[in-house]
Structure formats: structure tokens, C-alpha cells
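One structure, pasted below without further comment.
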Amino acid sequence: MSDLRRRAVFAGIGTYLPEQIVTNAQMAERVDTSDDWIVERTGIRQRHFAAPHETAAFMGAEAGRKALEAAGLAPEKLGAIIVGTSTPDNAFPSTAVQIQGALGAKAAFGFDLAAACSGFIYGLSVADAMIRAGQVESVLVIGSEVYSRILNFEDRGTCVLFGDGAGAMLLVARDVPADGPGVLSSHLHADGSLGEILYVDGAVGRPDKPGHLVMNGREVFRHAVTLLAGAVSETLAASGLEATDIDWLVPHQANRRIIDGVGKKLGLPPERVVVTVDLHANTSAASIPLAFAHAYEAGKIQPGQLVLLEALGGGLTWGAALLRL
Ligand code: UT7
């Protein structure tokens with residue numbers, strides 16, 4: 001008898017970025033900021049901003065379609081769609097079910113998951129658990145965000161930091177040996193007592209408020225490196241691994257200084273840390289699949305390699321996951 005276990009295995013990735021690119025210099029025409037300040041404090045050089053038709057559902061469907069094509073899975077065969085988003089088109093139907101309709105994924109169920117910038121890690125964790133439980137054979141995990149619609153363009157401390165986009169990863173059930181591919185573990189955390197340091201001050205349930213992103217950046221920064229390094233260490237320990245075993249760290253792309261800080265705490269050389277914050281800025285739940293795709297499509301992330309994902313966002317929520325390709 002062979003010793004196999006069911007795992008959620010990476011099968012394909014797809015992305016969508018809005019056509020419009022906005023540089024730091026263009027942001028400086030709107031608010032009192034400068035390219036120098038933004039680059040020095042965050043590493044961001046540009047972001048994509050969505051046109052009216054480029055909604056979370058539209059971009060998520062485009063990314064999802066590409067992930068299915070890359071994996072060679074027909075949409076009708078897909079089992080489920082989980083979307084991390086804070087910027088859905090509608091209160092309902094969920095973004096996931098709108099994407100299901102757009103893709104013609106007739107057999108799939110779907111739901112949205114609200115965990116702000118940790119949405120992709122949370123979604124991946126839920127997908128992994130459902131696949132290992134035998135409930136579903138394939139899941140599209142999508143992060144899709146249009147933060148340009150919730151930014152306060154009067155607040156230079158936040159509006160220069162975020163961008164729009166979507167990324168989708170297809171996970172499929174496979175029975176594999178212990179050293180085979182798949183999600184090895186994922187670890188989720190939250191601390192609601194820190195809700196006031198990063199939030200959106202409204203939603204459809206509060207019609208008095210349009211809802212803008214509000215952040216105490218210094219406080220978020222203060223917690224980020226410690227909490228993220230803790231989640232990464234916990235994830236490595238769960239698989240009996242050391243940071244030196246990791247081929248790639250694919251972190252949430254909020255700030256170059258946070259990314260470097262976590263890499264340094266783990267003793268990871270910078271060339272093994274994927275950075276796309278310069279190109280995309282912070283795309284919240286979309287940032288990890290966008291960064292992953294960037295490295296994967298460049299031929300950097302390769303079959304057999306160990307990839308560690310981590311994110312922290314509003315809630316606070318944070319978590320990490322380890323994936324062997
Ligand atoms: O994805 C969710 C997680 N979010 C994050 O991880 C964000 C975490 N926080 C950060 O990335 C950083 O705290 C920021 C990039 C938001 C800010 O960087 P900082 O080094 O913490 O700057 P600061 O907030 O301490 O502000 C320093 C100065 C202030 O001026 P004074 O008071 O020293 O005169 C700000 O008013 O920079 C000023 N400032 C700006 N100046 C030019 C703030 N925003 C800007 C701006 N352009 N856009």
C-alpha cells in the first residue's frame with residue numbers, strides 16, 4: 001500500500017490588471033506628495049486604477065478564466081470559487097457567484113470572504129480544508145479588489161498606497177506522497193481589538209457613509225513585521241522546516257520596508273523574496289496571487305519548490321501558508 005494523502009495542489013494561476021497605470025508623479029498632481037517620498041517610504045512606483053467596467057467581478061472572472069486555461073480545466077468541471085474582496089460590485093450576489101456565471105462554471109458553488117488584505121490566505125486556507133475533507137475536487141481562489149473606489153483622495157497618507165487588480169489560483173485535489181506537491185499547512189489569525197488602526201468607515205448596511213479607507217499607517221507598520229514573522233515561523237515549524245528550506249517568500253505587497261523586514265527577520269536573502277509592490281502598489285487580497293504570478297510566469301517559481309505566502313490586513317487579520325509546487 002502506498003502512503004498517499006489528499007492535498008490541494010497548485011494547478012494554474014491567472015491575473016488581471018486594469019489598463020490604466022497611474023505613476024507617482026501623476027498622484028503628485030492630485031495630492032501633496034512626491035515620487036521621492038512614495039518610493040523611499042513604500043517602494044511603490046506606480047499602480048493600476050480601474051475603469052468603470054473593471055469591477056471586482058469583471059477582473060476576478062478574467063483572472064479566473066486565465067487560471068483555468070493555464071491548468072486545462074474546463075469551467076464546467078470546476079468545483080468551487082472563493083473570492084477574497086473588500087470591494088464587491090454588489091452586496092449580493094457575491095462576487096464569487098457573479099464570476100461563476102461569467103465563466104459558465106455551472107457545477108461550482110461560490111462565496112466571498114471578507115478578510116481585507118489577508119483575503120487570499122484566508123481563501124486558500126478554506127479551499128485547502130475543503131479539498132482535504134473530500135468536499136470538493138477543485139477550487140479557484142481569487143483575490144479581486146478595486147481600492148481606488150474606497151480611497152480618500154484628500155488623504156495623502158493612504159491614497160498613494162493602493163491599487164486595483166485581481167489574481168486567481170486554481171487548487172485541485174490530488175493524492176500525493178508526503179514529499180509531494182500541495183498546500184502543506186496554513187495558519188490564520190485575527191485581533192479585533194486592533195480594528196480601529198485600519199478599516200473602511202462604511203458599507204451598504206450604513207447608508208449614511210460611503211465608506212473610505214482609514215489607516216493609522218505607523219501603528220499598522222509597528223504590528224506588521226512582528227505578527228508576520230510570527231506567522232511565518234509558526235508555518236515553518238508545523239512542517240518541521242527552517243527558513244533556509246524556503247525557495248520563495250511571496251508576501252502581501254503593502255510596503256517594501258515591511259517585506260524587507262520580514263525577510264531579514266527570517267534570514268532570507270532578498271533574491272528569494274518576490275517583490276511587486278513597485279508595479280502594483282497594495283492591491284489588498286489580490287496582491288499575493290499577482291506577485292506569485294509575476295514570479296511564476298518569469299520562470300522563477302518552479303515545480304517542486306517550496307513557497308511561503310504571508311499577509312496582514314484590516315481586522316487585524318493575518319496568516320501564512322506553505323505550498324509545494
Ligand atoms: O495592507 C494593509 C497593511 N498596510 C500597511 O502595511 C501599511 C503600513 N504602514 C506603512 O506602510 C507606513 O506607515 C506608511 C507608508 C503608510 C507611512 O510611512 P511612515 O514612514 O510610517 O510615515 P508617517 O506616517 O510616519 O509620516 C511621516 C511624514 C508625516 O509628516 P510629518 O508629520 O513628519 O511632518 C506625514 O504627514 O510623511 C508625511 N506623509 C507624506 N508626505 C508626502 C504622509 N503621507 C505622505 C505622502 N507624501 N503621501
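These values consider heavy atoms only, across backbone and side chains, with no hydrogens, waters or symmetry-generated copies.
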I'd like to know whether Phe10 forms a ring-ring contact (aromatic ring centres under 6.0 Å, His included) with Phe292, so could you lay out the CA-CA distance, the side-chain angles of the two residues, the decisive distance to 0.1 Å, and finally the verdict. CA-CA 12 Å; Phe10 170 84; Phe292 186 105; 5.3 Å; yes
Given the rule in the side chain to side chain contact (heavy atoms under 4.5 Å, CB included) test, do Ser86 and Tyr147 qualify, once you have shown the distances and angles that lead to the verdict? CA-CA 8 Å; Ser86 309; Tyr147 267 44; 3.3 Å; yes
With respect to Asn24, which candidate in Arg45, Gln46, Arg47 satisfies the side chain to side chain donor-acceptor pair (under 3.5 Å) definition?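 Only match with Asn24 under side chain to side chain donor-acceptor pair (under 3.5 Å): Arg47.
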About how many Å separate CE of Met27 and CD1 of Ile44, when rounded to the nearest 0.5 Å?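 CE of Met27 is found 9.5 Å from CD1 of Ile44.
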Rounded distance (nearest 0.5 Å) linking atom CD of Glu154 with atom SG of Cys159: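 Between atom CD of Glu154 and atom SG of Cys159 there are 9.0 Å.
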CD1 on Ile99 to CZ on Arg65, rounded to 0.5 Å: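 Arg65 atom CZ to Ile99 atom CD1 measures 10.0 Å (nearest 0.5 Å).
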When rounded to the nearest 0.5 angstrom, what distance separates CG in Asp32 from CZ in Arg156?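 It is 5.0 Å, given to the nearest 0.5 Å.
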Hey, is Asp260 close enough to Lys264 for a salt bridge, meaning N to O under 4.0 Å?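 So Asp260 does not pair with Lys264 through a salt bridge.
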Atom CD of Glu62 and atom OG1 of Thr15: how far apart are they, to the nearest 0.5 Å?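 Rounded to the nearest 0.5 Å, the CD-OG1 separation comes out at 10.5 Å.
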Would you say the side-chain atoms of Glu145 and Thr87 include a donor-acceptor pair closer than 3.5 Å?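 Yes.
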Is the shortest side-chain N to carboxylate O distance from Arg6 to Glu137 below 4.0 Å?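 Between Glu137 and Arg6 there is a salt bridge, with a charged N closer than 4.0 Å to a carboxylate O.
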Can a donor-acceptor pair be found, under 3.5 Å and without considering hydrogens, that links the side chain of Asp164 to the backbone of Ser148?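 The answer is yes, because a donor-acceptor pair under 3.5 Å joins these two groups.
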Before you tell me yes or no, could you show the steps for Leu170 and Leu78 under side chain to side chain contact (heavy atoms under 4.5 Å, CB included), namely the whole-Å CA-CA distance, both residues' side-chain angles and the distance that decides it to 0.1 Å? CA-CA 9 Å; Leu170 180 68; Leu78 181 65; 3.6 Å; yes
Working to the nearest 0.5 angstrom, can you tell me the gap between Thr235 OG1 and Leu323 CG?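 Thr235 OG1 to Leu323 CG: 12.0 Å, rounded to 0.5 Å.
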Please determine, by modelled atom types, if Gln98 and Thr95 share a side-chain donor-acceptor pair under 3.5 angstrom.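 No, no side-chain donor-acceptor contact under 3.5 Å.
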Please check if the side chain of Thr276 supplies one atom and the backbone of Leu279 the other of a donor-acceptor pair under 3.5 Å.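 Between the backbone of Leu279 and the side chain of Thr276 there is no qualifying donor-acceptor contact (under 3.5 Å).
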Between Trp318 and His189, what is the ring plane arrangement, given parallel below 30°, perpendicular above 60°, and tilted in between?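 Parallel, since the angle between the ring planes stays under 30°.
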